[in-house]
Protein chains: 2
Amino acid sequence: MVTIQDVAKAAGVSAMTVSNVINDRPNVRPSTREKVLEAMARLDYRVNVAARNLRKGRTGIIGLAVPEVDSPYYGRLAAAIITAAQRRALRVSIEQTASRENELDALSLSRNHQYDGLILSAAGMSQADAERLKVEHPVVVLGDRIFGGPVDHVAMPNREAARAATCHLFAQRCRRIAFLCGAVEEVNPSSLRLAGYREAHEAADLPADPALVQFVDRLGMREGAQRAREMAESGLDFDGVFCVTDSLAMGVLRGLADSGIRVPDQVKVIGFDNVSESEFLIPSLSTVDPDHDGMAERAVDLLVRRIEQTAHSTRHRDFVGGFSLVVRESTRG
Amino acid sequence: MVTIQDVAKAAGVSAMTVSNVINDRPNVRPSTREKVLEAMARLDYRVNVAARNLRKGRTGIIGLAVPEVDSPYYGRLAAAIITAAQRRALRVSIEQTASRENELDALSLSRNHQYDGLILSAAGMSQADAERLKVEHPVVVLGDRIFGGPVDHVAMPNREAARAATCHLFAQRCRRIAFLCGAVEEVNPSSLRLAGYREAHEAADLPADPALVQFVDRLGMREGAQRAREMAESGLDFDGVFCVTDSLAMGVLRGLADSGIRVPDQVKVIGFDNVSESEFLIPSLSTVDPDHDGMAERAVDLLVRRIEQTAHSTRHRDFVGGFSLVVRESTRG
DNA sequence: TTGTAGGCGTTATCAG
DNA sequence: CTGATAACGCCTACAA
């Protein structure tokens with residue numbers, strides 16, 4: 001391995017000077033710089049990042065903990081975050097958490113100086129775990145579950161967007177809108193979007209039939225398809241479905257087709273996420289498009305601030321992203 | 001920051017002993033171990049990974065360079081690799097390359113000791129770049145472009161699977177099968193699958209009309225949809241479509257629907273990748289299911305071997321994954 | 001079974 | 001403008 005010392009020797013200067021050249025510091029005579037660069041090239045020198053990290057107390061890597069990368073939603077999120085981080089010359093190491101326990105593990109890894117900071121997309125943790133976030137290391141939580149906690153926080157516009165989606169269905173003359181979601185806990189995407197759905201009903205002065213709120217175990221396509229068939233066969237009266245994710249909605253489109261129900265003629269369907277597939281489904285899927293890029297940008301930005309500030313300010317920020325409504329065939333007519 | 005020295009002092013032992021406890025080495029008296037563990041807990045000690053890395057010359061992180069994570073295919077691949085790596089207590093840092101230049105950059109990062117090794121999913125590099133892979137650091141190439149190169153290599157069963165898919169269409173009484181692919185270069189997924197498509201024609205003793213081979217710029221849904229409409233409107237005579245990716249096939253399903261062509265009645269469609277959405281499309285999509293997990297496992301395995309072996313054997317392995325054919329509605333009847 | 005000494009490659013400090 | 005020195009926190013010999 002070629003070290004900075006070797007380069008120094010080859011160039012006839014000290015290691016310090018080589019270091020100065022590498023880090024583009026001023027106060028190096030151009031001719032000296034030349035000699036050093038030449039020696040570096042000749043020896044094919046590479047900085048040893050581990051040594052630099054040790055010295056600087058930084059790694060240049062941020063962690064991103066998500067339940068799974070292989071899902072349209074988290075995949076998109078990961079992509080946006082990696083892009084935002086690359087702009088700041090940071091690398092992103094991805095952790096698949098899948099469970100609450102792993103989420104907590106990811107936190108301690110961050111503490112192990114493996115990462116300069118951690119973006120935690122908390123799906124499993126709840127308010128009760130917020131205590132464990134009281135970490136002296138930079139953490140930004142992405143998600144909906146821990147508000148007012150001891151960390152910076154970037155959230156989806158869940159309630160507002162759900163309300164807008166529901167209003168849109170009203171405007172399309174739906175009157176009995178089913179709401180399809182996962183388990184509703186204190187504060188999670190399902191509960192917040194359900195609140196928006198209810199708000200829309202109140203605002204429109206239409207009662208929301210509790211029978212129309214349907215729960216599934218997982219927010220996947222399979223579950224959506226199955227539940228849609230069950231709803232159709234049970235004789236439930238509904239003319240619209242608001243699904244808390246596009247994956248669920250894709251399943252619902254399939255399930256309704258299986259049951260011989262035409263979308264949008266008999267039932268209108270709207271999703272949430274604006275996954276790239278939505279545009280090309282048959283029928284194409286209306287959906288809520290959250291500002292993923294903006295949220296990713298913001299999350300990285302907050303994290304970088306925490307990393308760079310030395311004093312640990314206790315003021316924490318809660319940021320809520322923007323969204324737009326994408327109207328396609330599944331709610332036309 | 002709490003160091004190993006602090007713990008040693010607190011426990012009334014030497015740093016060495018603390019290190020022995022941390023690394024689960026024998027020859028530590030149980031009572032001593034207790035004292036040390038207690039002190040570690042009390043001080044909330046965390047190992048400094050940077051220091052350990054510097055000392056050991058390892059980082060415990062492998063790089064994964066893919067064109068983009070936000071695509072069904074690469075997302076699935078990334079998930080499989082992260083899982084395989086986690087089993088070996090390795091972390092994965094994801095690089096979005098998007099271009100050939102970035103792919104080469106990722107290589108040098110690997111050299112910078114940032115990673116112990118690199119899995120490079122080479123989409124843009126070509127045989128000509130293979131030289132640059134002659135790196136003394138562990139690299140495994142995942143993809144199809146660099147065979148017989150100076151690195152280990154895990155490839156898809158492109159030709160075999162394409163042949164099987166084409167045969168399946170023949171068996172479904174298709175006689176004029178369009179082949180939809182991206183730019184065909186020396187060795188890439190499109191060219192290899194095209195070869196399989198042609199082999200199937202020869203084996204069945206059916207001529208392959210060159211007009212049926214259609215090229216698109218990007219293997220995306222949008223491009224698939226547009227090309228399908230063009231094919232339909234141009235009056236091209238075809239009763240089957242083999243798409244080199246499921247994304248493309250999803251677009252084709254949409255484009256054919258736009259043109260009033262019924263699948264599978266008038267035209268049968270088959271894809272490649274078995275993306276999770278395929279099962280729930282309307283109609284559900286027949287496709288080739290490559291053994292992603294097996295390939296990921298193998299890639300990580302090869303990389304770990306390279307990392308662990310000190311002598312740089314020059315023998316490199318080319319591994320080709322397995323596959324299965326998933327028959328769904330889009331080719332029924 | 002435990003301790004001591006030295007160095008991994010880099011950079012901050014401060015003196016020249 | 002350049003260089004000597006001393007850390008950063010950990011681990012491996014070797015010694016006790």
Side-chain angles (χ1 to χ4, degrees), chain A residues 1-40 43-61 109-116 137 310, chain B residues 1-40 43-61 108-116 136-137 310:
Chain A
M1 161 178 294
V2 181
T3 78
I4 215 173
Q5 309 285 351
D6 301 329
V7 176
K9 204 164 295 173
V13 298
S14 79
M16 197 58 244
T17 301
V18 177
S19 176
N20 285 332
V21 171
I22 293 170
N23 295 288
D24 260 332
R25 273 189 278 264
N27 298 339
V28 177
R29 196 188 303 153
S31 64
T32 314
R33 174 184 303 275
E34 274 317 309
K35 272 193 306 190
V36 171
L37 288 174
E38 185 276 328
M40 279 171 49
L43 301 181
D44 195 29
Y45 167 79
R46 313 275 155 185
V47 290
N48 182 325
V49 183
R52 174 181 287 173
N53 289 344
L54 172 58
R55 186 59 236 231
K56 293 216 194 181
R58 292 266 185 91
T59 66
I61 300 181
L109 272 170
S110 172
R111 292 220 284 280
N112 286 353
H113 316 283
Q114 179 84 291
Y115 308 141
D116 292 342
H137 301 265
T310 37
Chain B
M1 161 177 294
V2 182
T3 77
I4 215 171
Q5 310 285 348
D6 301 329
V7 176
K9 205 164 294 174
V13 299
S14 80
M16 187 63 248
T17 304
V18 178
S19 176
N20 284 333
V21 171
I22 293 171
N23 297 288
D24 259 333
R25 270 188 280 266
N27 299 339
V28 178
R29 197 187 301 152
S31 64
T32 314
R33 172 185 303 275
E34 273 318 308
K35 273 193 305 188
V36 172
L37 288 174
E38 185 276 329
M40 279 171 48
L43 300 181
D44 195 29
Y45 167 78
R46 313 277 157 183
V47 290
N48 181 325
V49 183
R52 174 181 284 176
N53 289 344
L54 174 59
R55 184 61 235 237
K56 292 216 201 186
R58 291 268 184 93
T59 65
I61 299 181
S108 29
L109 273 168
S110 171
R111 292 220 283 280
N112 287 354
H113 316 284
Q114 179 83 293
Y115 307 140
D116 292 343
E136 68 280 31
H137 301 265
T310 37

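In what follows, chains are A, B, ... by sequence order, proteins preceding strands, each numbered from 1. None of the values given here were measured: they were computed from a predicted structure.
- In the set C:dT4, D:dC11, D:dT2, C:dT4 carries the atom at the smallest distance from any side-chain atom of B:Met16.
- Using a 4.0 Å heavy-atom cutoff across all strands shown, B:Arg33 reaches no nucleic acid atom at all.
- Remark: A:Thr17 is not in phosphate contact with D:dC1, judged by side-chain N or O atoms under 4.0 Å from OP1 or OP2.
- Counting heavy atoms from C-beta outward, A:Lys56 and A:Val49 have side chains that stay 4.5 Å or more apart.
- Rounded to a whole Å, the CE atom of B:Met40 is 10 Å from the P atom of D:dC10.
- Within 4.0 Å (heavy atoms only), B:Arg58 reaches no atom of the nucleic acid at all.
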Report, one pair per line, the protein and nucleotides 8-10 of chain C atoms (nitrogen or oxygen only) whose separation is under 3.5 Å.
{"from": "C:dT10", "atom 1": "OP1", "to": "A:Tyr45", "atom 2": "OH", "distance (Å)": "2.3"}
{"from": "C:dT10", "atom 1": "OP1", "to": "A:Asn48", "atom 2": "N", "distance (Å)": "3.2"}
{"from": "C:dT10", "atom 1": "OP2", "to": "A:Ile4", "atom 2": "N", "distance (Å)": "2.6"}

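- Atom CZ of B:Arg25 and atom P of D:dA13 are 10 Å apart (whole Å).
- Rounded to whole Å, the distance from NZ on A:Lys35 to P on D:dC1 is 14 Å.
- A side-chain contact (heavy atoms from CB on, under 4.5 Å) with A:Val18 holds for exactly one of A:Val7, A:Leu37, A:Asp6; it is A:Val7.
- Across A:Arg46 and A:Asp44, no two heavy atoms sit closer than the pair NH2-OD1, 2.5 Å.
- The structure places CG of B:Leu54 at 6.0 Å from CG of A:Asn48, a figure rounded to the nearest 0.5 Å.
- Looking only at distances, no side-chain donor or acceptor of A:Asn23 sits under 3.5 Å from a matching main-chain atom of A:Asn20.
- One can place CG of B:Asn20 at 9 Å from P of D:dT12, the figure rounded to the nearest angstrom.
- The pair B:Asp24-B:Arg33 counts as a salt bridge, with a side-chain nitrogen and a carboxylate oxygen less than 4.0 angstrom apart.
- Atoms CD (B:Glu34) and P (C:dT2) sit 13 Å apart, rounded to a whole Å.
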